[in-house]
Amino acid sequence: MIVAVDGPTASGKGTIARALAVHFGLPHLDTGLLYRAVGRQVMLDRGDPDNEADALAACQFPDALLADPELRTEVSGGLASRVSIHPRVRQALYERQRKFATQPGGAVLDGRDIGTVIAPEAEVKLFVVASVEKRAERRYAELIQAGRDVSLEAIAADLAARDERDTNRKDAPLVAAVDAITLDTSEIGRDEAVAQAIAIVERRMRS
Ligand code: DC
């Protein structure tokens, strides 16, 4: 069984995907991390994330980079959003994601284009959304707890810019697959969101 979990930044899709993977005993891939690694590698190479050739070269990042805590920062998220615009970068990362999705026994993948491009045949497709205000509040709380000096307004502006870029890019934009089920986490907590996601997958498995 392939479970595709797509949605915008800080919607809760990563938390939901990880919980589904544990619950159903499936391997999980956070595909955003691959784009974050490309963005980080461009910076390490002193390249330009908006230049397709530089970003393509950075797709050869070493696997060890995926464990770099720097990838979890807002800066890396912004860089990931910029390099992910380039069609050749998306192509370069396609095979790795496709192989993970089609491994025997199934998998859970979260990202932006899992249900539309990487695994259109996925048995379950979730599209996780939440209002920009709620997403900004959650990200703000996380960063403050991590001891970062950030402002709520700056985070909301950054999220809105990333939504705009991810949604309006020509290649594989952030969009719900026609057969995706939308899960809005604006007004519910983590446990409730996970419980609803599990119920959706179980319903799909029975049908
Ligand atoms: O999910 P995330 O915040 O880690 O993703 C960072 C960026 O990577 C996101 O702004 C767009 C890009 N991305 C993508 O284009 N396709 C994916 N499947 C996953 C992430």
Side-chain angles (χ1 to χ4, degrees), residues 2-21 28-43 49-50 52 55-56 58-59 61 65-102 107-120 122 125-130 132 134-136 138-140 142-143 146 150 155-177 180 183 185:
I2 303 176
V3 181
V5 185
D6 291 303
T9 299
S11 58
K13 67 182 187 317
T15 303
I16 288 173
R18 274 191 301 278
L20 287 176
H28 165 237
L29 180 65
D30 167 3
T31 64
L33 207 55
L34 303 177
Y35 290 92
R36 286 168 181 260
V38 174
R40 174 97 180 113
Q41 186 65 48
V42 173
M43 296 325 272
D50 300 321
E52 185 164 38
L56 184 62
C59 291
F61 63 81
L65 187 61
L66 293 171
D68 184 345
E70 180 62 30
L71 297 193
R72 309 279 171 188
T73 64
E74 296 304 284
V75 170
S76 289
L79 288 168
S81 176
R82 284 163 67 187
V83 296
S84 71
I85 279 183
H86 307 303
R88 286 162 74 200
V89 166
R90 307 201 69 83
Q91 244 168 42
L93 298 181
Y94 173 84
E95 232 12 270
R96 183 177 189 147
Q97 297 174 80
R98 180 75 195 151
K99 212 167 150 194
F100 193 94
T102 57
V108 180
L109 291 87
D110 72 83
R112 300 290 186 291
D113 62 342
I114 308 304
T116 50
V117 176
I118 303 298
K125 298 180 187 178
L126 281 171
F127 196 70
V128 184
V129 297
V132 125
K134 285 284 175 188
R135 291 189 283 134
R138 286 177 195 157
R139 188 49 60 89
Y140 177 74
E142 269 170 30
L143 292 171
V150 287
I155 290 175
D158 184 57
L159 283 183
R162 277 165 65 183
D163 283 358
E164 160 80 17
R165 202 162 35 221
D166 294 352
T167 308
N168 294 318
R169 69 177 176 228
K170 283 203 190 70
D171 195 14
L174 169 66
V175 62
L183 178 51
T185 66

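Ligands are counted one by one from 1 in listed order, and the atoms in each one are counted from 1 as well. Sequential numbering from 1 along the given sequence is applied to the chain's residues.
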Quiz item: Where's the contact between Ser81 and ligand 1, heavy-atom distance under 4.0 Å: side chain, backbone, both or neither?
Solution: both

Quiz item: What protein heavy atom sits nearest atom 8 (O) of ligand 1, and how far away is it?
Solution: Tyr35 CB, 3.5 Å

Exercise. Give a yes/no verdict on whether any heavy atom in Arg165 is under 4.0 Å from an atom of ligand 1.
Key: no

Exercise. Quick one: look up the protein heavy atom nearest atom 4 (O) of ligand 1 and list residue, atom name and how far away it is.
Key: Arg36 NE, 2.6 Å

Quiz item: Which heavy atom of Ile114 sits nearest a heavy atom of Leu109, and at what distance?
Solution: CG2-CB, 3.8 Å

Practice problem: Answer with side chain, backbone, both or neither: which part of Arg72 has a heavy atom less than 4.0 angstrom from an atom of ligand 1? | Solution: neither

Quiz item: Going by an N to O cut-off under 4.0 Å, is there a salt bridge joining Arg72 and Asp30?
Solution: yes

Exercise. Determine the minimum heavy-atom distance between Lys13 and Asp110, stating which atoms define it.
Key: CE-OD1, 4.1 Å

Practice problem: Look at atom 20 (C) of ligand 1 and find which of Pro8, Ala161, Gly32, Ala80 reaches it with the closest heavy atom. | Solution: Gly32

Exercise. Please check if any side-chain donor atom of Thr185 sits under 3.5 Å from a side-chain acceptor atom of Arg138, or the reverse.
Key: yes

Quiz item: Where is the nearest protein heavy atom to atom 10 (O) of ligand 1: which residue, which atom, and how far?
Solution: Asp166 OD2, 2.8 Å

Quiz item: Looking only at N/O atoms, are Asp30 and ligand 1 under 3.5 Å apart anywhere?
Solution: no

Quiz item: For atom 19 (C) of ligand 1, which protein heavy atom lies nearest, and how many Å away is it?
Solution: Thr31 OG1, 3.4 Å

Exercise. Search all heavy atoms of Pro49 against all heavy atoms of Ala55 and return the closest pair with its distance.
Key: O-CB, 4.2 Å

Quiz item: Nearest protein heavy atom to atom 16 (N) of ligand 1, by residue and atom, and its distance?
Solution: Arg90 NH2, 3.1 Å

Self-check item: Heavy-atom closest pair, residues Arg98 and Pro120
Solution: NH1-CD, 4.4 Å

Quiz prompt | Heavy-atom side-chain contact between Ile118 and Phe100 under 4.5 Å | solution = no

Quiz item: Can you tell me which residue and heavy atom of the protein come closest to atom 5 (O) of ligand 1, and the distance to 0.1 Å?
Solution: Arg112 NH2, 3.4 Å

